[in-house]
Amino acid sequence: MRWRHPVFAGLISALTALAAATEDAGITVRDAWVRETPPGMAMTAGYMVLQNKTSRPQVLVAARSSGFETVTIHRTVAKEGMTGMEHSPQIELLPNASLPFAPGGYHLMLLNPKRTLHAGDRVEITLEFRGGLVLPVAYEVRK
Amino acid sequence: MFPDPKPLTAFAFTDHENRAFDLSRLKGKWSFLFFGYTHCPDICPTTLAILARAHESIVKSAVGAKDVQFVFISVDPNRDTASKLGQYVSYFDTSFLGVTGDNAQLGNLAGQLGAAYEVAITPGVENYPVYHTAAVFLVDPRARYHAVFAPPLDAEEIGRRFEVLRQLDGPKAT
């Protein structure tokens, strides 16, 4: 059968992957922003609202950016009357639900920016989800 | 707000201009105190930005902000030098003060205010974790612990509540 030809088989698997990716693209990001860095400071934070429009849970496993030395997923937590930060290795997004990254909660900790960030600038950060979906997101720098 | 404000006792810090910041610097002014550290990407800049807006609203109030100061107390003197603190607080509001002291003095004032903090200095780790209360403490012009603003903080609400507290405290000879 002609469909068994490796090229066609490859094409079909590529199309299948594309279909999966399209469903994965049901993850959207809005209101993505990064706090302007106070002078002399080598760290800042990124915020956004993640929305999982798919019917399956999605898991954010990493974030990276060429604009910073490291990007880590963090959460500000309360502990015995104090506030601190904890590394969150992965975050599950429930099906058809949104999850805010906001001051005082989840945030991307952005360490050692490669250039000084000023309000109005844009910086790209790529979000990586379990299953291989990568989502490049443009963050607006705000004061 | 406390029915019986608690007088604070002596402590010794240094401000971002390398001047002594002690109990006398709290007298004659309302002081908003916030504990934090500059290597803090989320809660500290968020709170300082809110306090800058609260300051703005107090400036615009009938009585104004001449008798008000905002003090950022770094619990991380290991990394927060005077010049770093100065640069940091001025970014949010040029009138803000940055102060710090040794661990004994930080523990002293934090203890008087019931402000918990923990600095987990780890050898070889550049970004060691720091835990601190996210509350803002209000000290009255007689250097008494007068009120506390617990998170989540809101600039307008801080401004409004402060106006009420200042009025309740009675007119001051200025």
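Below, chains carry the letters A, B, ... as their sequence lines are ordered, and counting in each starts from 1. This is a predicted model, so every value here is computed, not measured.
- Contact record, A/Thr37 with B/Tyr91: O-CE1, 4.4 Å, taken as the closest heavy-atom pair.
- When the candidates B/Thr47, B/Asn127, B/Val130 are compared by the number of heavy-atom contacts under 4.5 Å with chain A, B/Asn127 comes out ahead.
- Scanning all heavy atoms of the two residues, the minimum distance from A/Pro39 to B/Gln87 falls at O-OE1, 3.7 Å.
- Transitive grouping of hydrophobic side chains (ILVMFWY, heavy atoms separated by less than 4.5 Å) brings B/Phe70 and B/Leu48 into a common cluster.
- The cluster map of Ile, Leu, Val, Met, Phe, Trp and Tyr, joined by side-chain heavy atoms under 4.5 Å apart, puts B/Leu26 and B/Ile58 in different clusters.
- We find the CD1-CE distance between B/Ile43 and A/Met82 to be 14.0 Å, quoted to the nearest 0.5 Å.
- When all heavy atoms of B/Phe92 and A/Pro38 are compared, the pair lying nearest together is CZ-CG, 4.1 Å.
- Note on B/Val148 and B/Leu153: separate hydrophobic clusters, where clusters join Ile, Leu, Val, Met, Phe, Trp and Tyr whose side-chain heavy atoms are under 4.5 Å apart, directly or indirectly.
- When each of B/His132, B/Glu118, B/Lys84 is scored by its heavy-atom pairs under 4.5 Å with chain A, the top score falls to B/His132.
- Here the closest non-hydrogen pair linking A/Ala45 and B/Pro41 is CB-O, 3.5 Å.
- Annotation for A/Arg35 and B/Asp42: closest pair NH1-O, 3.8 Å, computed over non-hydrogen atoms.
- Between chain B and the options A/Met109, A/Glu86, A/Lys79, the largest number of non-hydrogen pairs under 4.5 Å is found for A/Lys79.
- With hydrophobic clusters built from ILVMFWY side chains whose heavy atoms lie under 4.5 angstrom apart, B/Phe32 shares a cluster with B/Leu168.
- When all heavy atoms are compared, the tightest approach of A/Thr83 to B/Ala134 is OG1-CB, 3.5 Å.
- Contact check for A/Met41 versus B/Pro45: no side-chain heavy atoms found under the 4.5 Å cut-off.
- In the hydrophobic clustering of this structure, B/Phe13 groups with B/Phe35; members are Ile, Leu, Val, Met, Phe, Trp, Tyr whose side-chain heavy atoms approach within less than 4.5 Å, directly or through other members.
- Heavy-atom distances place no part of A/Leu110 under 4.5 Å from chain B, backbone and side chain included.
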